[in-house]
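Below, read A as the first sequence line, B as the second, and so on, with proteins coming before strands; counting in each chain starts at 1.
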2 protein chains.
Amino acid sequence: MRIGELAKRAGTSTRTLRYYESRGLLAARRTGNGYRDYDEDDLRLLRQIRTLQDFGFELEETRPFVDCLRAGHPAGDSCPASLAVYRRKLGELDGLIGQLAGVREQVARQLAAAEEAAGEAAGQAAGHTAGDGGGEPPAPRCEMTG
Amino acid sequence: MRIGELAKRAGTSTRTLRYYESRGLLAARRTGNGYRDYDEDDLRLLRQIRTLQDFGFELEETRPFVDCLRAGHPAGDSCPASLAVYRRKLGELDGLIGQLAGVREQVARQLAAAEEAAGEAAGQAAGHTAGDGGGEPPAPRCEMTG
DNA sequence: GTAGGGCTTGACGCGGACGTCAAGGCAAGG
DNA sequence: CCTTGCCTTGACGTCCGCGTCAAGCCCTAC
C-alpha cells in the first residue's frame, strides 16, 4: 500500500511516516515510480510505535521494539531490550507521578491557605470573625468561581 | 540592585530576567547609564514567579500572581484570579496524575505479560513447560482509562 | 592606557514531533 | 488537453523557556 493508505489505517499523517523513516524507524520499499510501498508488517510495526507514543514514550525509546519486530519476533516486547525500556519507563513514571503528587499537595495547601486568608479578610471586613480553632478546617467547598 | 545581583539572589540567570521582562512580567527601572535597577519588591515578585515555575506553571499562569503583588496585595495569591489559577492547576494535575497512573498500569501489564511469555519460551526451550491453561491470559482486571 | 568585569541589545540555537508550504512528478478520468 | 488527487523532496514554522554568542558601552583598578 502507499503512504496515504498506511497513514489512514494507522490513524496518523503521511508527514509522520516520513518523519519516522527519516529517524530510521519504518523503512519503505519503493515502487517503479518512486512511491513508498508498505505491507501489513509495516502496519504492525507502525501500530507498535504509535501505541508506545500514546504511552508517552519518546521515539527513540520505541526503537528496541521496532528492532525486535524486524528481527522476526512475534511481538515488539519479546526482546530483553524492550523489557528494559518498559522497566526504565515504569521507574520514570513512578518518579514523575510522585513528583506531581507532591506538587499537587503543595498547590492544594497554598490554595487552602489563600482561601482561608481571603475568608478571614472578608469576615473582618463584614465585622464577622471566623473564630474557629485555627487548625486545618475542612476545605471550603466552592465559594469562588472556578 | 542591578540585574546580576537580582539573578544571583533569586537563583536564576540574567537571561531569564530579561526574558521575563520581555514577556511583560518584572518591569525594571533604569539607572542613568541604562542599567536595569531592581528593588526588594522586584525580588519578591521574582521569587513568586520562580516558585510557580518550579511547580510546573507556565509563565503566563504566573501573571495573575504578579499582577496581584503589583496591585499592592501582601501575597501573590491574595486575588481571586490567582485562586482560579490554583484551582485550574489542581484539576490539571489530578487529570495528569490519573492519566499517568493509567499508563503506568498498562505498561506494568505489558511488562508482566512479556516477562511471562519470555519465561514460558525459556521453559519450553529447556524442555520444561509452564503448564498453565494455554489460552489468552485472563483479561486485565481493572480498566484505568486515562 | 588597558585589562577585566558587568551591562546593553539583537539574534540564532535547542529539543521533539511533527505541521505546513513550495515546486514539481505521476496516474486516472472526462 | 486539462483537472484532480496522490506522490516526491526540501525547507522553514511551531511551542517554551530559556542558553549562548556577538558587538559594543560603562565603570573600576592597576
Side-chain angles (χ1 to χ4, degrees), chain A residues 1-39 42-43 45-66 85 88-89 92-93 96 103, chain B residues 1-39 42-43 45-66 85 88-89 92 96 100 103:
Chain A
M1 81 194 83
R2 293 179 303 181
I3 194 171
E5 187 185 344
L6 179 60
K8 191 170 294 180
R9 290 181 62 183
T12 182
S13 70
T14 61
R15 178 70 183 89
T16 294
L17 303 194
R18 293 197 192 95
Y19 178 65
Y20 290 172
E21 184 175 328
S22 80
R23 299 286 94 193
L25 310 159
L26 196 67
R29 271 80 48 202
R30 298 297 180 125
T31 63
N33 55 15
Y35 289 9
R36 287 173 180 80
D37 186 31
Y38 302 94
D39 58 23
D42 293 318
L43 178 58
L45 207 147
L46 179 52
R47 284 210 228 266
Q48 171 75 81
I49 298 176
R50 294 265 87 199
T51 297
L52 297 177
Q53 285 273 88
D54 289 345
F55 282 170
F57 285 42
E58 292 177 12
L59 255 190
E60 272 311 308
E61 296 177 318
T62 71
R63 194 177 298 274
F65 296 79
V66 170
V85 173
R88 185 159 51 75
K89 213 64 189 173
E92 284 178 22
L93 282 167
L96 185 54
V103 167
Chain B
M1 83 194 82
R2 292 180 302 184
I3 194 170
E5 187 184 344
L6 179 60
K8 193 171 293 179
R9 287 181 63 183
T12 181
S13 71
T14 62
R15 178 71 183 90
T16 294
L17 303 193
R18 293 197 191 94
Y19 178 65
Y20 290 173
E21 184 175 329
S22 80
R23 299 286 93 194
L25 311 159
L26 196 67
R29 271 81 47 202
R30 297 298 178 124
T31 63
N33 57 16
Y35 287 10
R36 287 174 179 81
D37 186 32
Y38 301 95
D39 57 22
D42 292 318
L43 178 57
L45 208 147
L46 179 51
R47 285 211 228 266
Q48 172 74 81
I49 298 175
R50 293 264 87 198
T51 297
L52 297 177
Q53 284 272 88
D54 290 345
F55 283 169
F57 285 43
E58 292 176 12
L59 256 191
E60 271 310 309
E61 294 177 318
T62 72
R63 195 176 297 273
F65 297 79
V66 170
V85 174
R88 185 160 50 76
K89 211 65 187 174
E92 283 178 22
L96 185 54
L100 288 176
V103 167

> Atom CD1 of A:Ile49 to atom P of C:dG16: distance rounded to whole Å?
17 Å
> Which whole-number value in Å describes the distance from B:Tyr19 OH to C:dA11 P?
17 Å
> Using five base pairs at each end, measure the axis-to-axis angle across the helix from C:dG1-D:dC30 to C:dG30-D:dC1 and round it to 10 degrees.
40°
> Just jot down the side-chain hydrogen bond (donor to acceptor under 3.5 Å, both in side chains) partners of A:Arg9, sequence neighbours excluded, or say none.
A:Glu40
> How many angstroms lie between CG in A:Leu96 and CG in B:Leu96, if you round to the nearest 0.5 Å?
7.0 Å
> Find the distance A:Leu25:CG to C:dA17:P and express it as a whole number of Å.
10 Å
> Would you mind writing out the side-chain donor-acceptor pairs for residues 49-59 of chain B within the sub-3.5 Å range, not counting sequence neighbours?
residue : atom : partner : partner atom : Å
B:Arg50 : NE   : B:Tyr20 : OH           : 3.3
B:Arg50 : NH2  : B:Tyr20 : OH           : 2.8
B:Thr51 : OG1  : B:Arg47 : O            : 2.9

> Closest nucleotide of DNA chain D for B:Gln53 versus for A:Asn33: which of these residues is on the 5' side?
A:Asn33
> Looking at residues at least two apart in the chain, or sitting in another chain, which of them share a side-chain hydrogen bond (donor to acceptor under 3.5 Å, both in side chains) with B:Ser22?
none
> At under 4.0 Å, does any side-chain N or O of A:Tyr20 touch on OP1 or OP2 of C:dC18?
yes
> Do B:Arg18 and B:Glu21 meet the salt-bridge criterion of a basic N to acidic O distance under 4.0 Å?
no
> Hey, is A:Glu5 close enough to A:Arg2 for a salt bridge, meaning N to O under 4.0 Å?
no
> Along DNA chain D, 5' to 3', what are the outermost nucleotides having an atom less than 4.0 Å from a heavy atom of chain A?
D:dC6 to D:dA11
> Between B:Glu21 and A:Glu60, just flag the one whose closest nucleotide in DNA chain C comes earlier from the 5' side.
B:Glu21
> Where do B:Ala7 and B:Ser13 come nearest, in terms of heavy atoms and distance?
CB-C, 3.7 Å
> To the nearest 0.5 Å, tell me how far B:Asp42 CG sits from B:Leu25 CG.
12.0 Å
> Quick check for you: to the nearest 0.5 Å, what is the distance between B:Arg30 atom CZ and B:Asp37 atom CG?
10.0 Å
> To the nearest 0.5 Å, what is the distance between CZ (B:Arg36) and CZ (B:Arg29)?
12.0 Å
> Minimum heavy-atom separation for B:Ala28 to B:Tyr38, with atom names?
CB-CE2, 3.5 Å
> Which pairs, protein N/O on one side and nucleotides 4-7 of chain C N/O on the other, fall under 3.5 Å?
residue : atom : partner : partner atom : Å
C:dG6   : N2   : B:Tyr35 : OH           : 2.6
C:dC7   : OP1  : B:Gly4  : N            : 3.0

